[in-house]
Number of protein chains: 2
Amino acid sequence: MHSEVVASRSADQRDSSRESRNGTPQLDAVSLAIIQQLQEDGRRPYAAIGKAVGLSEAAVRQRVQKLLDQGVMQIVAVTDPLTVGFRRQAMVGINVEGDVESIAEALTAMSEVEYVVMTAGSFDILAEIVCEDDDHLLDVINKRIRALPGVRSTESFVYLKLKKQTYMWGTR
Amino acid sequence: MHSEVVASRSADQRDSSRESRNGTPQLDAVSLAIIQQLQEDGRRPYAAIGKAVGLSEAAVRQRVQKLLDQGVMQIVAVTDPLTVGFRRQAMVGINVEGDVESIAEALTAMSEVEYVVMTAGSFDILAEIVCEDDDHLLDVINKRIRALPGVRSTESFVYLKLKKQTYMWGTR
DNA sequence: ACCACATCTGCGAAATCCGCAAGTCTCGGA
DNA sequence: TCCGAGACTTGCGGATTTCGCAGATGTGGT
């Protein structure tokens, strides 16, 4: 009933914040374990987490704070869009002529756009749209996205049924 | 310094849990406001939330517990996959012959599959894959997904750059 | 060797969480 | 109309958690 992740801390396990070349902070095993705990329950007390990962309450608190400050993770409530009144969703594949980045930027600025990713393949950009109804969705796709200068074509995939949505990265 | 969302509670605002025909619980304005608070900070104290939405600490506590029990929302840590060691992601569009639902089910069972949605359009299913490297990604797509009986064809969109990822449903 | 820096621990004080009870109000059914 | 169910409020202690700080410990660079 005392499953410690790490019994002793060796050198390479405690570099909780070293920058790798691309600027993203490098995470050690302990921080990973902390994140894992908070992925199960975002409100789990620091002491309980400490017990699980083999750290003091204060140490866990400091690391969590740093992870939040660094933007490595955030602790938030996530919901099923349907239950909060958004009944139409779609993934939109977009092809761009010219600067892809600027189009992506414009999409990011739209509040109905939940998700924007630049891709390799037959689309340059994939964007997820979350709307209240068909009219709203139609408006966003036809009037706002297609109106952006540089958007060559779009293809829409209206969601029929959401089957899975996980937030368990790093928990495998 | 006392910004209450609701000054007085009218009838339709306090049906915090009524079932609509499709079985999903209906949310009132107050629960929406609570979720909104927790989307900004999943660890915000109940008293602070109560102050913001115009409810007592105890009432907020009861509502949050119910929302969690009902599965309407969950409070979790979310991370940027890249910083936790998953360097290859892709969206895969899938075409199916026969029962779409059962294929979706099979995808859901895979731990590398983060997201599964059934769609209308030129794909029957969209699935998001999160992997550690190219080999892993290739393995999942070619050996596991394409091997499913009923999968007619797939098309992959490898992620080049994630531009936006929000969890702010209902916060508009 | 020594310093600078980051991290961890320990420990009080303050704040929060949690369960509980009693009273109010509204809605809807008998 | 009367009554019960459900939701909210207020109030209350006790257990728990959070928070800030001071003092160790450890590591890397000079």
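Atoms considered below: every heavy atom in the structure, side chains included; atoms not considered: hydrogens, waters and symmetry mates. Quick caveat, the model's predicted, so the values are computed rather than measured. Note on naming: letters A, B, ... go to the chains in the order of the sequence lines (proteins, then strands), and numbering restarts at 1 for each one.
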Quiz item: In whole Å, what is the span from the CG atom of Leu55(B) to the C1' atom of dC25(C)?
Solution: 14 Å

Exercise. Measure the distance from CG on Leu27(B) to P on dA7(D) and round it to the nearest whole Å.
Key: 13 Å

Quiz item: Nearest-Å distance, CD1 (Ile49(B)) to C1' (dT9(D))?
Solution: 18 Å

Nucleotide N/O to protein N/O under 3.5 Å, stretch nucleotides 17-19 of chain D:
{"unit_1": "dT18(D)", "atom_1": "OP1", "unit_2": "Arg43(B)", "atom_2": "NH1", "d": "2.9"}
{"unit_1": "dT18(D)", "atom_1": "OP2", "unit_2": "Tyr46(A)", "atom_2": "N", "d": "3.0"}

Quiz item: Are the side chains of Asp99(A) and Ile103(A) in touch, meaning some heavy atoms are under 4.5 Å apart?
Solution: no

Quiz item: Could you give the CG-to-P distance, from Asp28(A) to dT27(D), as a whole number of Å?
Solution: 14 Å

Quiz item: With Leu107(A), which of Ile125(A), Val151(A), Leu126(A), Val92(A) fulfils side-chain contact (heavy atoms from CB on, under 4.5 Å)?
Solution: Ile125(A)

Exercise. Can you run down the side chain to side chain donor-acceptor pair (under 3.5 Å) pairs that involve residues 52-62 of chain A, sequence neighbours left out, and say none if there aren't any?
Key: Glu57(A)-Arg61(A)

Practice problem: Scan for ring pair (Phe, Tyr, Trp, His ring centres under 6.0 Å) pairs involving residues 106-126 of chain B, sequence neighbours excluded, and state none if there are none. | Solution: Phe157(A)-Phe123(B)

Quiz item: In whole angstrom, what separates Gln62(B)'s CD from dA5(D)'s C1'?
Solution: 15 Å

Quiz item: Tell me, which pairs form a ring pair (Phe, Tyr, Trp, His ring centres under 6.0 Å) where one or both residues lie in residues 30-71 of chain B, sequence neighbours left out?
Solution: none

Practice problem: Please answer whether the main-chain N or O of Thr108(A) pairs with a side-chain N or O of Lys164(B) as donor and acceptor at a distance below 3.5 Å. | Solution: yes

Self-check item: Difference in axis direction between the ends of the helix from dA1(C)-dT30(D) to dA30(C)-dT1(D), five pairs, 10°
Solution: 40°

Quiz item: Please give, in whole Å, the distance from dC8(C) C1' to Lys51(A) NZ?
Solution: 16 Å

Exercise. Would you check if Gln39(B) and Met73(B) make a side-chain contact, meaning some heavy-atom pair closer than 4.5 Å?
Key: no

Exercise. Would you list the pairs meeting salt bridge (Lys or Arg N to Asp or Glu O under 4.0 Å) in which at least one residue belongs to residues 82-92 of chain B, sequence neighbours left out?
Key: Arg88(B)-Asp134(B)

Practice problem: Check whether any side-chain nitrogen or oxygen of Lys66(B) sits under 4.0 Å from OP1 or OP2 of dA7(D), and answer yes or no. | Solution: yes

